[in-house]
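Structure first, commentary second.
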Protein chains: 2
Amino acid sequence: MTVSKTAEKSSEKPGDGAKGRKDAAEGLPEALQLGELSEQLGYVLKRAQLKVFENFLRCVASLQLTPAQFSVLLLVEKNPGRNQTEIASTLGILRPNFVALLDNLESRDLCARIRSTNDRRSHILVLTDKGKAVLTRAKKLVATKHESRLNELLGQANREALLGMLSKIANEF
Amino acid sequence: MTVSKTAEKSSEKPGDGAKGRKDAAEGLPEALQLGELSEQLGYVLKRAQLKVFENFLRCVASLQLTPAQFSVLLLVEKNPGRNQTEIASTLGILRPNFVALLDNLESRDLCARIRSTNDRRSHILVLTDKGKAVLTRAKKLVATKHESRLNELLGQANREALLGMLSKIANEF
DNA sequence: CGATAATTGTTATGGATCATATCAAATATC
DNA sequence: GATATTTGATATGATCCATAACAATTATCG
């Protein structure tokens, strides 16, 4: 967390090598220099992602939804009748790891597995009434508390540009 | 990983609800609709971050460096003489988890722990000669193969704008 | 048709990452 | 000098990510 605090005042020299500089006597904590790190795409991307997830969790804390769970609900709502493999793979989740995630949503009566009639191997996924209601509330919370935060921070135009560039990276990098 | 691959060999169908429609006869794979998911900041951020880390690993594969290890080397080079707690905390790494990371770098003779003379509790961190050489090569690989990829994809101006917005999110969200 | 291959959901499992509690040694504080 | 704090370290658990393997079902094709 305490990362890019952007070096406030480096009045003194940073590295003291091995010979002494009494910190307690001098007082200044002396922030580190990030240097080229702040220009590294991966570094800044990861930090931003952590902050965004953290904020997301706070915003929907009342509904007890993680970003992954929210994305599953969104995708199932938009594509009702798909099976586990389809939903999981489009989210980049491996099938084995998707089982526990679904178990959780199903145990909370947000989502249901239904045996397909034309392929009795697969489980068709649908949202329950409660799942739809929770998702609706989640969308509202995310829109008003989470995504709106971006507009305040970047402005509408920049926000759209950012999403566009990130999508491009996600798809074409 | 296999997310936005736009459904290659999935011989499935879209929403068939519970009643059957034979897919094998029809043919079309019919990709899922991402819907609002593609507008979710967290979703697209995470996907982009995974792609970028993946690409980073490929680019510096010859040096066997992870993004985290690279960031440690960069920060120690820029701030020689700092101790483990300082380096770890500015990277957002908890002290206990930083130990194994450092053990690795030290075992490969890229970094060294030196007992501080004025505080014999702390370990001063410095890069070894080999560490400096490896970091120099890593920087070159990252600049020419990794970061340059962004310019090709977004252009110089957009790349800078992207980094600026991500930094803002990382610091102010 | 029937033997074989492939798919679906699942379990088991291991690795990597992340967080907390705790400890000994050294230092700071009062 | 007694107590508290800091530093690096260990142990441990949670969570996430990836692979192998399995039973049930379906597809393939000889």
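Just so it is clear: chains get the letters A, B, ... in the order the sequence lines come, proteins before strands, and each one is counted from 1.
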Check the distance between dT19(D)'s P and I93(A)'s CD1 and give it to me in whole angstrom. 16 Å
Between protein and nucleotides 8-14 of chain D, what N or O pairs are separated by less than 3.5 Å?
| residue | atom | partner | partner atom | Å |
| --- | --- | --- | --- | --- |
| dG8(D) | OP1 | Q84(B) | N | 3.0 |
| dG8(D) | OP1 | H123(B) | N | 3.0 |
| dG8(D) | OP2 | T85(B) | N | 2.8 |
| dG8(D) | OP2 | T85(B) | OG1 | 2.3 |
| dG8(D) | O3' | H123(B) | ND1 | 3.2 |
| dA9(D) | OP1 | R113(B) | NH1 | 3.2 |
| dA9(D) | OP2 | Q84(B) | OE1 | 3.0 |
| dA9(D) | OP2 | Q84(B) | NE2 | 2.9 |
| dA9(D) | OP2 | R113(B) | NH1 | 2.6 |

Distance check: side-chain N/O of K46(A) vs OP1/OP2 of dC18(C), anything under 4.0 Å? yes
A31(B) and R82(A) have their tightest heavy-atom pair at O-NH2, 3.8 Å
Measure CZ/F53(A) against P/dT17(C) and give the value in whole Å, please. 17 Å
Could you state the atom-to-atom distance from CG of D119(A) to P of dA6(C) in whole Å? 17 Å
Donor-acceptor side-chain pairing of R108(A) and Q64(A) below 3.5 angstrom: no
Which whole-number value in Å describes the distance from R120(B) CZ to dA25(C) P? 12 Å
For the pair made of CD1 in I114(A) and P in dG9(C), what is the distance, rounded to whole Å? 13 Å
Determine whether the aromatic ring centres of Y43(B) and F70(A) lie less than 6.0 Å apart. no
Using whole Å, what does the distance between atom C1' of nucleotide dA16(C) and atom CG of L57(B) come to? 12 Å
Rounded interatomic separation in angstrom, taking CG from N118(A) and P from dT8(C): 12 Å
I want to check something: taking the side chain as every heavy atom from C-beta on, are I87(A) and L32(B) in contact at a cut-off of under 4.5 Å? yes
Do Q156(B) and N151(B) have side-chain N/O donor and acceptor atoms under 3.5 Å apart? yes
How many Å lie between CG on L101(A) and C1' on dA18(D), as a whole number? 16 Å
Can E36(A) and Q40(A) be counted as having a side-chain donor-acceptor contact under 3.5 angstrom? no
